[in-house]
Asker: 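Just dropping this structure here.
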Amino acid sequence: MAAPPAHPPTTTVRDAVLALCRATGMTTVFGNPGSTELRMFRDWPEDFRYVLGLQESTAVAMAAGHALGTGRAALVSLHSAGGVGHSLGAVFNAYRDRVPVVIIAGQQSRALLPLRPFLGADEPARFPRPYVKFSRQPERAADVPAALAEAHRIAMSHPRGPVFLSVPEDDWDRPAEPVAPRTVHGGYTADPGALAGLARALDAAARPALVAGPGVDDEHAVREVAELAERLRAAVWISPLSGRSGFDERHPLFQGFLPPVADQLAQRLAPYDVVVALGAPLFTYHVHTESPPLADGTELYHLDCDPAQAAWLPVGTSIVTTLRPALGTLIDLVQPSDRPAPEMRPAPEPLPASAGEISAELVMDLLRERLPRDTVLVEETPSHRDALHARLPISGAGRFLTTGSGALGWGLPLAVGRALAYGERVVCVVGDGSALYSVQALWTAARHRAPVTYLLLDNGGYGAVKALGRRIGITPVPGTEIVGIDFAALAGSFGCPADRVERPDDLPKALDRALALGRDDGPVLLQIRVPADDSPAYEPWAR
Ligand SMILES: O=C(O)C(=O)c1ccccc1
């Protein structure tokens, strides 16, 4: 008997995709639209919010901030090849920082592709690689919803990260079946024998140390790290250039931030006999020095969810695992220790009298007095990150966000997305150079009344690059001076209220005004003039 005729689906690709987005909590779309996305927006439903980024890297960074705030993947809609190209610096950060961002990129009509049409993307799935975990243009329109569902599951599985789907513009009106909802439980735990071996090494250690990396905060394991550290009386460090804070920086066991330079890192860890890196690649260097990664006598264990990271680390014993179940097991296995606790790290030195200029250290001291402990702080001020860490301790999980990867222009829009996630007021400390990569996001912040207080430390250039040049005797470095920009006027023109301060005496009140705003007040920007630090001895990580 002949099979009954197959009934074509009565739903479209668009219906099925929108239903999937609702089911996965992706109803805020960060994007920048063009003609190759138009059919996606037909009868655009009212329960979706479109957040316009005026340049595509801001759309990706805002989505990343949203994802980090909600704990769910965030959706980005980009315009074919050009839009994807603009976005790639932020995609790099999202990949390295393990942020689940689901990107749908427009593409020209399938029928036009053989003719290399205007706007058409050649080999679209290759373009964002290697900085996406998944990249496809489905073979048929009807495959788009299931491919997006797969992409979403991949984005959300550990290690998390961005995924990419190219969708030809004529696919959206074509028929497609709805996607059945599915659940993937992605947490997994290590080989029990490996964890027992680590517990024995920790029990036998004279001076153990834990290194908290971005994975700790990412996997909500901050509490477990504190419990393990207290049980062991272990010193706790934060891994070099970590994009998150994985430990309460006011805790007596907290020792500080490891430097991203091999010889200094090895030296900082030399006092310890057993070091456990948690969700941390540990050897994230910014500049090269000739040095073994660790001193003789420092034994390394490394726990992370990424088998690739376990493979590339040069030394130590890696245990591939998600952190919470592994830490739970370790807490049960290790003996409570009565070894002497490490000494507390010294309080920051008091500031010398001001010479009439506002130092970054003064800004950080005033912020320490003013910011509530649960403030969400976004940082992108490379010249002053060390001053921030030294003087402004972060407490509480999920309260510190920066790029752990280095592509600048991330912080300013990241703060917008983080603020839109729950409407909490976010403080973003950003440099003048950093701000200019993505300054259009101030317009989006103003338009959506994103509650962000921007504190823009203006040292008139690419201070960190100049400092790194001086370190190796290259001075001056061309292209590192930025002069003549009135950030307060620029922000004002985007609809973001702004103020400017140049003298130390005026700073406390200016900060009070900027920080007094609430969650319904929208963004504000305070431009703070700080001197360019041109001291020849500048060595940011030696302190
Ligand atoms: O080193 C650099 O060039 C750079 O761009 C950078 C990025 C982040 C922090 C410091 C410098």
Side-chain angles (χ1 to χ4, degrees), residues 57-58 60-61 64-65 86-99 131 213-214 238-245 256-262 264-265 280-289 360-361 363-364 377-390 392 394 400-415 428-439 441 454-482 530 532-535 537-543:
S57 67
T58 72
V60 172
H86 291 161
S87 78
L88 288 180
V91 174
F92 163 78
N93 276 353
Y95 182 76
R96 289 281 191 88
D97 289 1
R98 300 181 175 176
V99 190
Y131 298 117
I238 287 183
S239 66
L241 299 173
S242 176
R244 321 284 284 275
S245 180
F257 301 82
L258 290 172
V261 188
Q264 293 175 26
L265 178 83
L282 189 57
F283 306 110
T284 310
Y285 304 139
H286 190 158
V287 294
H288 178 67
T289 54
E361 285 77 8
V363 177
M364 302 310 164
L377 187 75
V378 175
E379 179 273 344
E380 192 175 301
T381 170
S383 297
H384 308 300
R385 182 169 176 180
D386 291 282
L388 184 149
H389 280 328
L392 183 53
I394 308 295
F400 178 71
L401 303 173
T402 187
T403 162
S405 325
L408 300 174
W410 177 250
L412 192 150
L414 191 82
C428 177
V429 183
V430 66
D432 53 326
S434 285
L436 288 167
Y437 291 107
S438 52
V439 72
Y454 287 102
L455 303 175
L456 189 147
L457 301 187
D458 176 11
N459 65 5
Y462 296 136
V465 178
K466 288 196 257 180
L468 290 160
R470 281 198 301 282
R471 186 182 163 271
I472 51 173
I474 298 173
T475 175
V477 183
T480 53
E481 304 287 336
I482 310 171
V530 295
D533 178 1
D534 289 330
S535 63
Y538 185 89
E539 171 57 285
W541 311 291
R543 295 174 194 161

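Indexing begins at 1, ligand by ligand and atom by atom, following the structure's order. Note that the coordinates shown come from a computational prediction; the quantities given were computed from them, not determined experimentally.
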Asker: Can you find a pair of side-chain heavy atoms, one from Glu380 and one from Thr403, that are under 4.5 Å apart?
Answerer: yes

Asker: Does the side chain of Leu241 reach to within under 4.5 Å of the side chain of Arg385, using non-hydrogen atoms?
Answerer: yes

Asker: Assess whether side-chain contact (heavy atoms from CB on, under 4.5 Å) is satisfied between Thr381 and Asn459, documenting all intermediate values.
Answerer: CA-CA 10 Å; Thr381 170; Asn459 65 5; over 6 Å; no

Asker: With a 4.5 Å limit on heavy-atom distance, are the side chains of Val429 and His384 in contact?
Answerer: no

Asker: If the test is side-chain contact (heavy atoms from CB on, under 4.5 Å), which one of Leu388, Ile238, Val378 qualifies with Phe400?
Answerer: Leu388

Asker: Given a heavy-atom cut-off of 4.0 Å, could you list the residues near ligand 1 in chain and number order?
Answerer: His286, Pro382, Gly406, Leu408, Val465, Leu468

Asker: Just say parallel, tilted or perpendicular for the rings of Tyr131 and Phe92, cut-offs at 30° and 60°.
Answerer: perpendicular

